Participant: 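Below you will find the structure I want to go over with you.
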Protein chains: 2
Amino acid sequence: MKCKSYETFFVNFSNKSKLNIITALRNEPLNVKTITKKINEEQSAVSHNLKKLSACHVLDVKKAGKERIYSLNKDTVIPILRLVEKHVIKNCSGSCCKK
Amino acid sequence: MKCKSYETFFVNFSNKSKLNIITALRNEPLNVKTITKKINEEQSAVSHNLKKLSACHVLDVKKAGKERIYSLNKDTVIPILRLVEKHVIKNCSGSCCKK
DNA sequence: ATAACATAGGATTAAGAATTCATATGAAAT
DNA sequence: ATTTCATATGAATTCTTAATCCTATGTTAT
């Protein structure tokens, strides 16, 4: 599947676990264990998600010994999050986005 | 559920049907029947999706007789789509975002 | 008042995704 | 060479979501 259909990209932001990872990395690159502790989920689940996130270049990885350090692709992610923040402030002052 | 957790917002972009609706409305507001024809899906499925999209203010609705005219919230949606386009061009020249 | 049209909504089923568990890989330390 | 630690991967299960079907609501026209 190619990126030209954008749905795969957005899936990376459309559930809590993945969004937790993104949030955890907003300020600093982290290794898997630290992410796992920070968001309080199974290591295995985190790894599965990290794989998808980095397949889409939402995250970058680099190896450091036996660790892998994941970092946010800030060029794309930060501006998108900002837009959504703005959207929510403007449109969702009460509660919205109900399922 | 409140918008403060953004995953619900992003769900609106994370499958083909919803993204087709968004694309169909990129240039002009349309009524349900026209959207349905344009994206070639069941009227009922389209209505279900329209509800979610407008609950999140990704779309606006206005009534016109027996029709309902849906339009894109361009303030939010267009800039986000542009960012993703840019991201894809930069990062996904081959194929990426595989599931 | 009834018929025709446009759209919405509920309930069920089917499809897809996330979670979990068990195991594998690979790197550093002893 | 073996153990330990960090991470990844595959398979099975469990959830979640979307798709479908059927019916309801509301609007206009006759």
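The sequence lines fix the lettering, A, B, ..., with proteins before strands; numbering per chain opens at 1. What you see is a predicted model; the values in this text were computed from it and never measured.
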Participant: Can N20(A) and S17(A) be counted as having a side-chain donor-acceptor contact under 3.5 angstrom?
Facilitator: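 S17(A) and N20(A) do not have a side-chain donor-acceptor pair below 3.5 Å.
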Participant: For I21(B) and dA8(C), give me the distance from atom CD1 to atom P, rounded to whole Å.
Facilitator: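 For the pair I21(B) CD1 and dA8(C) P, the rounded distance is 11 Å.
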Participant: Do S47(B) side-chain atoms and S44(B) backbone N/O form a donor-acceptor pair below 3.5 Å?
Facilitator: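 Not a single qualifying donor-acceptor pair exists.
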Participant: Calculate the interatomic distance between L50(A) atom CG and dA6(D) atom C1'; express it in whole Å.
Facilitator: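 After rounding, the reported distance stands at 13 Å.
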Participant: Could you list the residues that satisfy salt bridge (Lys or Arg N to Asp or Glu O under 4.0 Å) with K86(B), not counting sequence neighbours?
Facilitator: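 In terms of salt bridge (Lys or Arg N to Asp or Glu O under 4.0 Å), with neighbours along the sequence ignored, K86(B) is linked to no residue.
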Participant: Tell me whether the OP1 or OP2 atom of dT7(D) has a side-chain N or O from K63(A) closer than 4.0 Å.
Facilitator: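 Result: no.
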Participant: Of all of residues 32-49 of chain B, which get a heavy atom below 4.0 angstrom from DNA chain C, listed by number?
Facilitator: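 The stretch gives V32(B), K33(B), Q43(B), S44(B), S47(B), H48(B) as the residues lying under 4.0 Å from the strand, ordered by number.
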Participant: Can you measure I69(A) atom CD1 to dA27(C) atom C1' for me and round it to whole angstrom units?
Facilitator: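 Atom-to-atom, I69(A) to dA27(C), this comes out as 14 Å.
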Participant: Using the test salt bridge (Lys or Arg N to Asp or Glu O under 4.0 Å), find all partners of E85(B) that sit at least two apart in sequence or belong to another chain.
Facilitator: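 Checked E85(B) against salt bridge (Lys or Arg N to Asp or Glu O under 4.0 Å); matches are R26(B).
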Participant: For the side chain of K66(B), starting at C-beta, report the closest nucleotide among dA18(C), dA8(C), dC5(C).
Facilitator: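 From the listed options, dC5(C) comes nearest.
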Participant: Does K51(B) place a side-chain N or O at less than 4.0 Å from the phosphate oxygens OP1/OP2 of dT7(C)?
Facilitator: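 So the side chain of K51(B) is outside the cut-off, no N or O lying under 4.0 Å from OP1 or OP2 of dT7(C).
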Participant: Could you work out how much the helix from dA1(C)-dT30(D) to dT30(C)-dA1(D) bends, comparing the axis of its first five pairs with that of its last five, to 10°?
Facilitator: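 The end axes of the helix from dA1(C)-dT30(D) to dT30(C)-dA1(D) are about 20° apart, to the nearest 10°.
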Participant: Does dA17(C) have OP1 or OP2 under 4.0 Å away from a side-chain N or O of K52(A)?
Facilitator: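 Indeed not, no polar side-chain atom of K52(A) lies that close.
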Participant: Without decimals, in angstroms, what is the distance between F10(B) CZ and dT17(D) C1'?
Facilitator: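 Computing the F10(B):CZ to dT17(D):C1' distance gives 19 Å.
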Participant: Nearest heavy-atom pair of L30(B) and A24(B): which atoms, and what distance?
Facilitator: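 Taking every non-hydrogen atom into account, CD1-O, 3.7 Å.
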Participant: Is the shortest side-chain N/O distance from R68(B) to OP1 or OP2 of dA6(C) below 4.0 Å?
Facilitator: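 No, because none of the side-chain N or O atoms of R68(B) sits under 4.0 Å from OP1 or OP2 of dA6(C).
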Participant: Between the side chain of H87(B) and the main-chain N/O of C56(A), is any donor-acceptor distance below 3.5 Å?
Facilitator: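 Between the backbone of C56(A) and the side chain of H87(B) there is a qualifying donor-acceptor contact (under 3.5 Å).
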Participant: Is there any salt bridge (Lys or Arg N to Asp or Glu O under 4.0 Å) pair reaching into residues 33-44 of chain A, and which pairs are they, with sequence neighbours excluded?
Facilitator: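 Listed once each, the pairs are E28(A)-K38(A).
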Participant: Between dA6(D) and Y70(A), is there an OP1 or OP2 to side-chain N/O distance shorter than 4.0 Å?
Facilitator: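 So the side-chain polar atoms of Y70(A) never come under 4.0 Å of the phosphate oxygens OP1 or OP2 of dA6(D).
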Participant: What is the separation between atom CG on L30(A) and atom C1' on dA6(D), rounded to the nearest whole Å?
Facilitator: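 Rounded to whole Å, this separation is 15 Å.
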Participant: Listed by chain and number, what are the ring-ring contact (aromatic ring centres under 6.0 Å, His included) partners of Y70(A), not counting sequence neighbours?
Facilitator: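 In terms of ring-ring contact (aromatic ring centres under 6.0 Å, His included), with neighbours along the sequence ignored, Y70(A) is linked to no residue.
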Participant: Is there a path from L72(A) to F10(B) through hydrophobic residues (I, L, V, M, F, W, Y) whose side chains come within less than 4.5 Å of each other?
Facilitator: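 Yes; tracing contacts between hydrophobic side chains, which count when under 4.5 Å, links both residues.
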Participant: Atom CG of N20(B) and atom P of dA19(D): how far apart are they, to the nearest Å?
Facilitator: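 Taking atom P of dA19(D) as the reference, CG of N20(B) is at 10 Å.
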Participant: Given atom CD of E67(A) and atom P of dT4(D), what is their separation to the nearest angstrom?
Facilitator: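 Between P of dT4(D) and CD of E67(A): 19 Å.
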Participant: Rounded off to whole Å, could you give me the NZ-to-P distance for the K62(B) and dT7(C) pair?
Facilitator: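 Going from NZ in K62(B) over to P in dT7(C) covers 14 Å.
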